[in-house]
Chemist: 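Structure incoming, see below.
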Amino acid sequence: MSRRYYIDFERPVVEMEDQLEELKKLPEAHKPDIIKEIKFLEDQITKLKKRVYKNLTAWQQVQMSRHPDRPDFVRYLDLIFDDFIELHGDRTYGDDLAVIGGLAKLGEQNIVVVGQEKGKDTHDRLRRNFGMPHPEGYRKAIRLFKLAGKFNLPLITIIDTPGAFAGVGAEERGQAQVIAKCLSTLSSLPTPTIAVNIGEGGSGGALAFGVCDRVFMLENAYYSVITPEGCAAILWQDKEKAPEAAEALALTAKKLLKMGIVDGVIKEPLGGAHRDPKSTAGKIGEILKKTLGDLLSKPVDELVALRYERVRQFGVFSDRQESEIIT
Amino acid sequence: MSRRYYIDFERPVVEMEDQLEELKKLPEAHKPDIIKEIKFLEDQITKLKKRVYKNLTAWQQVQMSRHPDRPDFVRYLDLIFDDFIELHGDRTYGDDLAVIGGLAKLGEQNIVVVGQEKGKDTHDRLRRNFGMPHPEGYRKAIRLFKLAGKFNLPLITIIDTPGAFAGVGAEERGQAQVIAKCLSTLSSLPTPTIAVNIGEGGSGGALAFGVCDRVFMLENAYYSVITPEGCAAILWQDKEKAPEAAEALALTAKKLLKMGIVDGVIKEPLGGAHRDPKSTAGKIGEILKKTLGDLLSKPVDELVALRYERVRQFGVFSDRQESEIIT
Amino acid sequence: MPFTDWLKNRTQKTQEAANKRAVPDGIWSKCTICGKTIFQKDILNNFHVCPECGHHFGLSGHERVMMLLDDGSFSATEEDLWPKDPLGFIGSKPYRQSLNNAIETTGRREAVTTGFGRIKGNKVGFGVLDFRFIAGSMGSVVGEKIARLFEAATSERLPVITVVSSGGARMQEGVLSLMQMAKTAATVEQHNQAGLPYISILANPTTGGVLASFASLGDIIIAEPKALIGFAGPRVIEQTLDEKLPKGFQTSESVLNHGMVDMIVPRDELRETVGRLISGLSPVSSDQNLGDQVV
Amino acid sequence: MPFTDWLKNRTQKTQEAANKRAVPDGIWSKCTICGKTIFQKDILNNFHVCPECGHHFGLSGHERVMMLLDDGSFSATEEDLWPKDPLGFIGSKPYRQSLNNAIETTGRREAVTTGFGRIKGNKVGFGVLDFRFIAGSMGSVVGEKIARLFEAATSERLPVITVVSSGGARMQEGVLSLMQMAKTAATVEQHNQAGLPYISILANPTTGGVLASFASLGDIIIAEPKALIGFAGPRVIEQTLDEKLPKGFQTSESVLNHGMVDMIVPRDELRETVGRLISGLSPVSSDQNLGDQVV
Ligand SMILES: [Zn+2]
Ligand SMILES: [Zn+2]
């Protein structure tokens, strides 16, 4: 069995990859004999990966979005942006490590980037509260949003959070109010804004970074009003029904693109972003640059008006009562 | 000895007043005999009061400003304004009881009023931290300042604080930063603003409410960069020198008026505001109405520009080195 | 997984709240909170507040209008907006069925009522969320009507008052419900930037995505006494963190102490207070109708 | 009376800081912080930072200019501003005497240096408070020169950088010193509303009225390592409250954790960091001189 972490449905792939590794480890002398076998196995793996990863269910994608090896915000920060200078603190109460933000360059363009950081290992995840910000984290974000607004610096937000934090301090210090403030601040921020969801887009915590001119998602990211587990617990009183809930919630990038909630889906390598963070980062960087070019060609007033129109049109309703379903 | 609180120098007055009370308490039968004596004593008291109170030293005025019976902000709130509705909280961390603010009417004019409240008795003083706000108090004030700005409601601030609070929480939650924010917010607030110092005007804590179009002081109020005790401790390493420090600091209403720091001094009854809170409140109300009338006749932009000029011109300096003193 | 048992418990809490919210039936009935037996009319005549324990029972949108607005002044903005089932959502029961049940039992087409009326003579935009309709949750129709309310109030330069009691965003419309948070917040921000007053009233319970959007953006925020006000529910937090909650956690009183609301106003004073606030927020004091000068 | 022993202790602290701040004399000398014996040149060549313990010794205004600005780029705004003694203040010794002593020993006319120069090619307004001059305290001249700096920078549309180490407002000018807090804050606010960047650098120690005015209003606030940063001094608080202070209370590191500053930057990286911040805050990235395009 592999020492790598894998999700249940990945097992056949991982096992075959392990076999391949074993073969490759054989001493030089044997190599000529097995070179054909290696080639064969590689082909098999490619085919298998396509079969396994090309048609993931909603739930499998949610699992992918939470994969422990999945690149976190810091990884992409390194790979996509230059000259990052981190800015800390909400100037009110604390410096929340679940939110990272600062000045950076995207190509030659100065920008402000603010994102949610889950942490790279257990220790880091603990101090970053698994990417679930406290109110001071949202407040730091608002401070940096406004900094971007003041200096007409394009704002790029990175979304990767299971959601708001169910904790006493977070409630007492008003997480609902500060999330609302994120929404209203972003809705009228006088500068171009782009959000990229790189993994988990959990409810209000994700939306707090998501009211932007353009919103993109990685292929295996999800974006949802509630976690599948939470939804399953309510609807079926059974969190084992999370896969069904994930399906029902229409939370995959593909579906959200079709519904017009997001503006683009960024392809991941077969097997997920963690199998090739660099190429994934390359793709994110590319789309950011292209989009920013578009946005920068418009006057800020127009951008803000269009952003308002964008959120304003979300919603599906009818002009008459829908027919009763047969019960 | 009187059960009333009195400051040392008030003793002769209080003793004579006590005698008068005793006389007045005598049974009806005796009255005709002593009616002349009462009259005489009353005259004496008036003369004595004039002698004692007309030429208070700086330190005596500081003591008056801290007199336990001196009317607090809440008392004036009652006497000067109508229809007060208190608004609570900084929407961030807490509701600081050392600051009280809300909507009210001054005559027919809707206003926002925000002031520092020391408390009316021991219990109340404790929960109001003796009028020394924590950062959440300044933040509540800023919220209400901005509310006034948003709705073009004139802002009236009431100053009565020994100063900022020397406490761990106050420091950790950034009292210096939030005081600075009070100053910058008031300096550009787009609405007429008037400050009234009703007692203690201690350093940055007082100034945080004092960057206004007009600043008034009650006759016995003080306004200082540092308390006399603090100053004495530094300069003489002896806080018993507070009276000398009070003199040196030029902190009385009269001197500050002469220096152009305040725009007017509001007379108190002989013996201090607490001897007739109603008439004192009446005078404050009158000057507020008159001043507000003036301010409201000017466009807001002009007010803000004039307010800037007002603080901009504070300071005394020379174009050459002052001559050395003889040592 | 902090979200696992999260909403299971929120539902539980929500349902308990729903059960308790209704004024009990019968001429004599037992208060669901204090257990005292009370002549029902005494509750109804007391603004649906238990005369014994002061518990504020839930109110329908209609009852809120009756209680807060000047008699006969309200006209609802009755757009032909009905909820839809955009995801074909089927949980333990189909969303469409939940909707039709709610429509049938409440006689409403959605959880929200919006319109214009007067409070103590002042013309205002008015919106209310009715907890009886799928826990006052916010889906597309609720979001759209709140958004239209703020837009109309902005263009007519009127204050807005909302009264909410809500379990949050409506799960069954998926991410579309989440987007209503952004939509309503954006319209409130426009109204705000136009310099107009918004007073938000939080009734029991106000949680989740409604608290985390328009309802928290009031210039002035009022809570009804002893309401549950919070993003995540108290039991969820208790279970997630395995720690005892502070006394009074997430009650109006605690939320006031933590600086999040301006005041707690008992229901019998609500109309008076809101009237004074509205007139107090206009630059020139007047008991006259501010709206009249504008519309 | 919390203020009674308040400043007695602040002075004490301040004097200790002053004693420790100076780089010790002699070819070989003992670091006043870690006690190690060090070749003095090693301190001077190390940005006045002890190579053993990393303590950042105090710097004069001139040294700050040399260290942060491009060679030869600085030109001071040498207005004829000298301090005065408006109150005829006589404490344990006359203010006038303190002033003349300070002028004599420092060769400066006041605690403040202001002017314009370049950082990594970017033209900036620059102000620095020198702790050696009456503890870097802010009286009328300091306030006036800071105010003029921000006004000039606003009209020339330039960023401002300030470096402060200060005991606070200058007692000996009474309420006039207090008013300098209002004055400087008002000019920073004008600069802010013009959309221009202000970077505030806090060195050891930054306390009182300087921290509570312009120095806290930076778009970006940088602290030097292990600086004392607070409004009231730590011992004062300890004595007033009779409680143990948290570890590291009011150090740069604690202040960072409490969200009050953006970053702690060791002195040898300061020039580089400020340069990157200034160029990073302009909408279009450029290693070119932003100032050149404007002036
Ligand atoms: Zn009851
Ligand atoms: Zn050392």
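Proteins get letters first, then strands, A, B, ... in listed order; numbering begins at 1 in each. Keep in mind that what you see is a predicted model, and the values were worked out from it rather than measured.
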Chemist: Taking A:Asp319, A:Leu256, A:Val178 one by one, which has the highest count of heavy-atom pairs under 4.5 Å against chain C?
Modeler: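 Highest number of heavy-atom pairs under 4.5 Å: A:Asp319.
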Chemist: For C:Met260, is there any backbone N or O sitting under 3.5 Å from a side-chain donor or acceptor partner on A:Gln177?
Modeler: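 Checked: pair present.
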Chemist: Do you know the tightest heavy-atom contact between C:Phe89 and A:Cys231?
Modeler: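 So the minimum-distance heavy-atom pair works out to CZ-SG, 4.0 Å.
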Chemist: Name the region of A:Lys181, side chain, backbone, both or neither, that has any atom closer than 4.5 Å to a heavy atom of chain C.
Modeler: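 Its backbone and side chain both get close to chain C.
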Chemist: Select one option (side chain, backbone, both, neither) describing which atoms of A:Val168 are under 4.5 Å from chain C's heavy atoms.
Modeler: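 Both the backbone and the side chain of A:Val168 come within 4.5 Å of chain C.
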Chemist: Measure A:Leu249 against the heavy atoms of chain C and call it side chain, backbone, both or neither at under 4.5 Å.
Modeler: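 Both parts, backbone and side chain.
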Chemist: Which heavy atom in A:Ala164 sits nearest to a heavy atom in C:Phe231, and how many Å separate them?
Modeler: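 Minimum heavy-atom contact is CB-CE2, 3.1 Å.
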Chemist: In terms of heavy-atom pairs under 4.5 Å, which option from C:Thr184, C:Asn192, C:Leu211, C:Val210 contacts chain A the most?
Modeler: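 Result: the option with the highest number of such pairs is C:Leu211.
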Chemist: Is it true that, when you exclude A:Glu302 itself, more than 12 heavy atoms of the residues, nucleotides or ligands shown sit nearer than 6.0 Å to its CD?
Modeler: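 Yes, the 6.0 Å shell around CD holds more than 12 heavy atoms from other groups.
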Chemist: Just wondering, are more than 12 heavy atoms of other shown residues or ligands nearer than 6.0 Å to NZ in A:Lys150?
Modeler: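 More than 12 heavy atoms, drawn from other residues, nucleotides or ligands, come within 6.0 Å of this atom.
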Chemist: Testing the basics here: between C:Leu178 and A:Val225, what is the closest heavy-atom pair and its distance to 0.1 Å?
Modeler: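 Distance-wise, the nearest heavy atoms are N-CG2, 4.0 Å.
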Chemist: Of the backbone (N, CA, C, O) and the side chain (C-beta and beyond), which part of C:Leu99 lies under 4.5 Å from a heavy atom of chain A, both, or neither?
Modeler: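 For C:Leu99, neither part sits under 4.5 Å from chain A.
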Chemist: Quick check for you: among A:Ser188, A:Cys182, A:Ser224, which has the greatest number of heavy-atom pairs under 4.5 Å with chain C?
Modeler: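 Counting heavy-atom pairs under 4.5 Å, the top option is A:Ser188.
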Chemist: Assess whether side-chain contact (heavy atoms from CB on, under 4.5 Å) is satisfied between C:Met179 and A:Tyr223, documenting all intermediate values.
Modeler: CA-CA 11 Å; C:Met179 293 303 134; A:Tyr223 198 3; 3.7 Å; yes
Chemist: Is the side chain of C:Ser140 donor-acceptor paired with the backbone N or O of A:Gly315 at a distance under 3.5 Å, no angle test?
Modeler: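 No, C:Ser140 side chain to A:Gly315 backbone: no donor-acceptor pair under 3.5 Å.
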Chemist: Roughly how far, to the nearest 0.5 Å, is OG of A:Ser184 from CZ of C:Phe214?
Modeler: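 If I round to the nearest 0.5 Å, the distance is 13.5 Å.
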Chemist: Tell me the closest heavy-atom pair linking A:Ala180 and C:Ser216, and the distance in Å.
Modeler: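 The pair with the smallest heavy-atom distance is CB-CB, 3.9 Å.
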Chemist: Report yes or no: does C:Ser92 contribute a side-chain atom to a donor-acceptor pair with the main-chain N or O of A:Leu235 at less than 3.5 Å?
Modeler: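 Pair found, side chain donor or acceptor close to backbone of A:Leu235.
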Chemist: Just so I know, are the side chains of A:Tyr308 and C:Glu189 near enough to count as touching, which here means a heavy-atom distance under 4.5 Å?
Modeler: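 No - every pair of side-chain heavy atoms lies 4.5 Å or more apart.
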Chemist: Can you tell me which portion of C:Ile90 sits under 4.5 Å from chain A's heavy atoms? Options are side chain, backbone, both or neither.
Modeler: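 C:Ile90 touches chain A through backbone heavy atoms alone.
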Chemist: Select one option (side chain, backbone, both, neither) describing which atoms of A:Arg173 are under 4.5 Å from chain C's heavy atoms.
Modeler: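 Backbone only.
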Chemist: So, C:Lys183 side chain and A:Phe314 main chain: donor-acceptor pair closer than 3.5 Å or not?
Modeler: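 Yes; at least one donor-acceptor contact below 3.5 Å.
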Chemist: Is C:Thr187 close to chain A through its backbone or its side chain, or both, or neither, when contacts mean heavy atoms under 4.5 Å?
Modeler: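 Both parts, backbone and side chain.
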Chemist: Please find the pair of heavy atoms, one from C:Ala186 and one from A:Val311, that lie closest to each other, and give the distance.
Modeler: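 In this case the closest contact between C:Ala186 and A:Val311 is CB-CG2, 3.8 Å.
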Chemist: Do the non-hydrogen side-chain atoms of C:Gln250 and A:Glu171 ever get within less than 4.5 Å of each other?
Modeler: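 Yes - at least one pair of side-chain heavy atoms lies under 4.5 Å apart.
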Chemist: Apply side-chain contact (heavy atoms from CB on, under 4.5 Å) to residues A:Val316 and C:Leu176 and explain how you reach the verdict.
Modeler: CA-CA 8 Å; A:Val316 173; C:Leu176 286 168; 3.8 Å; yes
Chemist: For A:Gln175, which atoms come within 4.5 Å of any heavy atom of chain C: side chain, backbone, both, or neither?
Modeler: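 Contact with chain C involves the side chain of A:Gln175 alone.
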Chemist: Going through the checks in order, is the salt bridge (Lys or Arg N to Asp or Glu O under 4.0 Å) test met by A:Arg312 and C:Glu144?
Modeler: CA-CA 8 Å; A:Arg312 186 62 191 82; C:Glu144 181 68 18; 3.0 Å; yes
Chemist: Among the options C:Ala185, C:Ala215, C:Ser177, pick out the one with the most heavy-atom pairs lying under 4.5 Å from chain A.
Modeler: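 Most pairs with chain A among the choices: C:Ala185.
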Chemist: Looking only at heavy atoms, what is the nearest atom pair of A:Phe317 and C:Trp82, with distance?
Modeler: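 Answer, listing the atom of A:Phe317 first, then C:Trp82: CB-O, 3.4 Å.
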Chemist: Pick from C:Glu151, C:Gln190, C:Arg170: which one has the most heavy-atom pairs with chain A under 4.5 Å?
Modeler: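 The candidate making the most pairs under 4.5 Å is C:Glu151.
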Chemist: Apply side-chain contact (heavy atoms from CB on, under 4.5 Å) to residues A:Met259 and C:Leu87 and explain how you reach the verdict.
Modeler: CA-CA 10 Å; A:Met259 287 164 70; C:Leu87 310 185; 3.7 Å; yes
